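Note that the structure is a prediction, hence the values are computed from the model and not measured. Hydrogens, waters and symmetry mates play no part in the numbers below; they use all other heavy atoms, side chains included. When a ligand or atom number is given, it counts from 1 through the structure's own listing order.
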Amino acid sequence: MKLYPEGANRKKQLMLGKNVAIGDNKFLIIAGPCAVEGEEQLTEIAKFTSKTNNIVLRGGVYKPRTSPHDFQGMGLEGAKLLSRIGKQYDLPVITEITDSRQIEFLDQLVDIYQIGSRNMYNYDLLKEVGKTDKPVLLKRGMAATIKEWLLAASYIELNGNNKIILCERGIRTFETYTRNTLDLSAVVAIKNISHYPIVVDPSHATGRKEMIIPLAKAALIAGADGVMVEVHNDPKQALCDGQQSLNLDEYGKLVSELEFLTKIMKDYE
Ligand code: PEP
Ligand code: MN
């Protein structure tokens with residue numbers, strides 16, 4: 001089932017910034033806090049992570065929280081901060097878009113749009129980001145089949161935008177020990193039946209920080225084009241998802257372990 005056979009107009013490598021790309025052996029790291037919380041927090045994280053090769057800075061400003069009582073994100077002010085700090089450290093930035101009306105101002109401020117798991121079925125939003133020329137990271141719906149996920153990607157592509165990155169972020173199963181269940185087989189499936197690059201998000205897939213490094217390495221070995229991880233300068237104080245965020249030292253360990261693995265894999269090619 002080749003849903004989307006390779007077309008002549010499809011570049012193997014998708015450029016995301018001046019020196020940042022995904023695909024064709026360019027392994028991408030997307031790292032940053034679940035939510036932008038303020039200048040000091042984001043600066044500390046950006047400063048540290050900017051030493052990584054091929055990295056995009058993430059930070060949510062519109063947080064689709066399960067509970068309306070939880071922190072909802074800094075909104076436009078947060079997006080401005082993300083943009084400014086991204087520029088300061090020369091990092092492309094990604095944030096989740098939750099409403100097509102946000103395009104009007106986010107278009108100036110971010111480099112990549114993220115469509116969250118809860119919005120994978122929001123076809124009107126998919127069509128609208130499809131009309132922009134920004135890369136779109138499309139997270140898998142938490143109960144979506146691979147086919148539904150690829151059809152959601154088609155909503156974006158049919159509106160003119162083929163700069164799509166898929167993100168496996170775990171699916172709902174009967175298991176409760178982890179927040180979701182990471183479906184690494186989806187990485188192999190996506191590689192076999194589509195032309196899209198795919199990243200794996202072990203933070204939201206598991207909800208547990210001790211699982212991030214092992215599963216990020218497993219994602220690399222399974223053939224993923226990158227990983228997305230939540231990183232916080234002070235996870236215990238995080239306003240959102242601190243339990244699944246690496247601190248800066250742990251992030252450094254993740255990067256060096258991924259680099260080591262990449263080198264071993266190259267040596268065996
Ligand atoms: C996120 O990445 O901030 C997020 C909310 O993830 P998901 O949409 O996968 O739940
Ligand atoms: Mn989060």
**Request:** Examine the side chains of Thr206 and Thr178 and answer whether a donor and an acceptor come within less than 3.5 Å of each other.
**Result:** no
**Request:** Report the name of the N/O/S atom of Glu230 located nearest to the Mn ion (ligand 2).
**Result:** OE2
**Prompt:** Where does the angle between the aromatic ring planes of Phe105 and Tyr62 fall among parallel (under 30°), tilted (30 to 60°) and perpendicular (over 60°)?
**Reply:** tilted
**Prompt:** How many degrees, to 10°, between Asp241 OD2 and Cys34 SG as seen from the Mn ion (ligand 2)?
**Reply:** 100°
**Asked** Looking only at N/O atoms, are Ser117 and ligand 1 under 3.5 Å apart anywhere?
**Response** yes
**Request:** Please could you name the atoms of ligand 1 that Glu96 approaches to less than 4.0 Å, counting only its heavy atoms?
**Result:** 5 (C)
**Prompt:** Looking only at side chains, do Asp241 and Gln244 share a donor and an acceptor under 3.5 Å apart?
**Reply:** yes
**Message:** Is a donor from one side chain sitting under 3.5 angstrom from an acceptor on the other, for Glu37 and His232?
**Reply:** yes
**Prompt:** Under a 4.0 Å N-O cut-off, is there an ion pair linking Glu77 with Lys80?
**Reply:** yes
**Message:** Closer than 4.0 Å to some heavy atom of Arg169 - which atoms of ligand 1 meet that?
**Reply:** 7 (P), 9 (O), 10 (O)
**Message:** Any carboxylate oxygen within less than 4.0 angstrom of a Lys/Arg side-chain nitrogen, looking at Lys131 and Glu128?
**Reply:** yes
**Message:** Within ligand 1, which atoms have a heavy atom of His204 less than 4.0 Å away?
**Reply:** 1 (C), 2 (O), 3 (O), 4 (C), 6 (O)
**Asked** Are Glu230 and Arg58 within salt-bridge range, i.e. N to O under 4.0 Å?
**Response** yes
**Asked** Hey, is Gln114 touching ligand 1 through its side chain, its backbone, both or neither, going by heavy atoms under 4.0 Å?
**Response** side chain
**Item:** N or O contact, Lys139 vs ligand 1, cut-off under 3.5 Å
**Value:** yes
**Prompt:** Do Asp70 and Lys63 meet the salt-bridge criterion of a basic N to acidic O distance under 4.0 Å?
**Reply:** no
**Message:** Within the 4.0 Å heavy-atom shell around Arg58, which atoms of ligand 1 are there?
**Reply:** 1 (C), 2 (O), 3 (O)
**Item:** Numbering as shown, the atoms of ligand 1 that approach Gly116 to under 4.0 Å (heavy-atom distance)
**Value:** 8 (O)
**Message:** As a test of reading the structure, name the N/O/S atom of His204 that is nearest the Mn ion (ligand 2).
**Reply:** NE2
